[in-house]
Student: 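One structure follows; several queries about it will come next.
In what follows, chains are A, B, ... by sequence order, proteins preceding strands, each numbered from 1.
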Amino acid sequence: MPELPEVEVIRQDLSQEIDKNSAIKKFIFYRKDIREPIPIKKITTLEGATIKAISRRAKYLIFETSKGYLISHLGMSGNWRIVDSLKLKNVKHDHVEIHLNNGKCFVYNDPRRFGIFGFSENLEKNKKLKELGPEPWSSEFSTSHLREMFKKTNRSIKVAVMDPKVVVGVGNIYASEILFAIGIKPTKKSQRLTLDELEKLIQMIRQILTEAIQRGGSSIKTFQKANGQSGSFQNSHKVYGRMGDACFVCHEKIRKIVIAGRSSFWCPGCQR
DNA sequence: ATCGCCTCCTGCGCGC
DNA sequence: TGCGCGCAGGAGGCGA
């Protein structure tokens, strides 16, 4: 479900429900583990804490509280929804509820359970976060960074652009869309991109992710925003999920190939 | 060190 | 209609 835009949209929705006085009243856990064991004892110490902000790093959501950080990753199928505590009904695959003192409840639901819950007192010491590469809009995400990353590897650009050490947040859908938008085929070796192409790649990653966030993300399958609305960026997909359909630009048939085990869509007319 | 392959898990859509 | 199969937005571990 979530790549960076979807996580960011959920972050914005959840953030709307809190103000500077919002505190965590109570957690309810329906499972002890999803992908990894949930550190329930540590997380429970956050009861009574004020939520200062809800932020995002890569595809992680971070609840910044007065007593520490709750870190959540949505995996493939995770989602949050906002419910009034009094009207709350537990549905299948609801794993965690965060009840706030303002009567709202944030509910985490994840059918495939690939998501992660973590606790941290100090984000800078968090192993998972520490090893992440640059955010797409950061100055560290530059052509020199890409050249450094690409010079020693022989991977395809599709695989490289999905590597969180190269840049965080680009998942399988947006990788195909971004490469179509800059006219580079997904199997091209990352090493062989010119400086000009690297520059275009950076700009297009920023542009497409920004637009996707503005459009509420891509609601394919079950993705919904935390406020229950659907995103609309799926209507802007030019190649993803369009195998056999005519390219909107050159009318050639969109192809699907598997790269590193992931379906990759591209247009043989537009991408070289 | 790097890379491809496999795995975790449930649900859905397709073809027979 | 029912069943089996393949596939799905992520990411970490393994062995070559």
Student: Is Gly171(A) touching bases, backbone alone, or none of the nucleic acid, heavy atoms closer than 4.0 Å?
Tutor: sugar-phosphate
Student: Using OP1 and OP2 only, check whether a side-chain N or O of His73(A) sits under 4.0 Å from dG10(C).
Tutor: no
Student: Using a heavy-atom cut-off of 4.0 Å across all strands, would you classify Asp110(A) as base, sugar-phosphate, or nothing?
Tutor: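 Asp110(A): no heavy atom of the nucleic acid under 4.0 Å.
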Student: Measure from the side-chain heavy atoms of Thr153(A) and tell me the nearest of dG10(C), dG12(C), dC3(B).
Tutor: dC3(B)
Student: Assuming nearest nucleotide by heavy-atom distance, tell me which of Gly261(A) and Tyr60(A) is located more 5' along DNA chain C.
Tutor: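 It is Gly261(A) whose nearest nucleotide is closer to the 5' end.
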Student: Consider the side chain of Lys128(A), meaning its heavy atoms from C-beta on, and name the nucleotide among dA8(C), dC3(B), dG12(C) that approaches it most closely.
Tutor: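 The answer is dG12(C).
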Student: Using a cut-off of less than 4.0 Å, is there contact between a side-chain N or O of Lys59(A) and OP1 or OP2 of dA11(C)?
Tutor: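 True: Lys59(A) side-chain N/O within range (under 4.0 Å) of dA11(C) OP1/OP2.
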Student: Has Arg113(A) got a side-chain N or O lying under 4.0 Å from the OP1 or OP2 atom of dT10(B)?
Tutor: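 Indeed, a polar side-chain atom of Arg113(A) lies that close.
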Student: With a 4.0 Å cut-off on heavy atoms, is Lys92(A) in touch with a base, just the backbone sugar-phosphate, or nothing at all?
Tutor: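 Here Lys92(A) touches the backbone only, sparing every base.
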Student: For Gln191(A) and dC3(B), give me the distance from atom CD to atom C1', rounded to whole Å.
Tutor: 14 Å
Student: Verify ring-ring contact (aromatic ring centres under 6.0 Å, His included) between Phe117(A) and Tyr108(A), making sure each step is shown before the conclusion.
Tutor: CA-CA 10 Å; Phe117(A) 272 82; Tyr108(A) 181 73; 5.0 Å; yes
Student: Could you give all pairs that pass the ring-ring contact (aromatic ring centres under 6.0 Å, His included) test and reach residues 158-178 of chain A, with sequence neighbours left out?
Tutor: Tyr174(A)-Phe233(A)
Student: If you compare every side-chain N and O of Ser77(A) against the phosphate oxygens of dG11(B) (OP1, OP2), does one of them come in below 4.0 Å?
Tutor: no
Student: How many whole angstroms separate atom CE of Met162(A) from atom C1' of dC3(B)?
Tutor: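 Going from Met162(A) (CE) to dC3(B) (C1'), I get 15 Å.
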Student: Using OP1 and OP2 only, check whether a side-chain N or O of Arg262(A) sits under 4.0 Å from dG10(C).
Tutor: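 The answer is yes; a side-chain N or O of Arg262(A) sits under 4.0 Å from OP1 or OP2.
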Student: Tell me whether the side-chain N/O atoms of Ser263(A) come closer than 4.0 Å to OP1 or OP2 in dA8(C).
Tutor: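 Looking at the OP1 and OP2 atoms of dA8(C), one of them is under 4.0 Å from a side-chain N or O of Ser263(A).
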Student: Identify whether any heavy atom of Phe233(A) sits under 4.0 Å from a base atom; if not, whether one sits that close to sugar-phosphate; answer base, sugar-phosphate or nothing.
Tutor: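 Counting heavy atoms under 4.0 Å across all strands, no contact is made by Phe233(A).
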Student: Which pairs count as salt bridge (Lys or Arg N to Asp or Glu O under 4.0 Å) when at least one residue sits in residues 249-263 of chain A, sequence neighbours excluded?
Tutor: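 Every candidate salt bridge (Lys or Arg N to Asp or Glu O under 4.0 Å) pair involving residues 249-263 of chain A fails, so no pair, neighbours aside, qualifies.
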Student: Under 5.5 Å between ring centres and under 30° between planes: does that hold for Phe114(A) against the base of dA11(C)?
Tutor: no
Student: Using Watson-Crick or G-U wobble pairs with both distances under 3.5 Å, give me DNA chain C in dot-bracket, 5' to 3', with [ ] for crossers and | for pairs to another strand.
Tutor: .|||||||.|||||||
Student: Tell me if the NZ atom of Lys26(A) is crowded by more than 12 foreign heavy atoms within 6.0 Å.
Tutor: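 For Lys26(A), atom NZ is not crowded (no more than 12 foreign heavy atoms under 6.0 Å).
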Student: Pick the nucleotide of DNA chain B nearest each of His93(A) and Arg35(A); which residue has the one closer to the 5' end?
Tutor: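 Nearest nucleotide further toward 5': that of Arg35(A).
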Student: Could you tell me whether Glu131(A) atom CD has more than 12 heavy atoms of other residues or ligands within 6.0 Å of it?
Tutor: yes
Student: Determine, using ring centers only, whether His73(A) and Tyr60(A) are less than 6.0 Å apart.
Tutor: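 Ring centres of His73(A) and Tyr60(A) closer than 6.0 Å.
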Student: Would you please classify the geometry between the Phe63(A) ring and the Phe106(A) ring as parallel, tilted or perpendicular, with 30° and 60° separating the classes?
Tutor: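 If you compare the ring of Phe106(A) with that of Phe63(A), the planes turn out tilted.
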Student: Please report the distance, rounded to the nearest Å, between CE in Met243(A) and P in dC7(C).
Tutor: 10 Å
Student: Parallel, tilted or perpendicular, judged at 30° and 60°: which one describes the rings of Phe27(A) and Phe29(A)?
Tutor: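 Ring orientation of Phe27(A) relative to Phe29(A): parallel.
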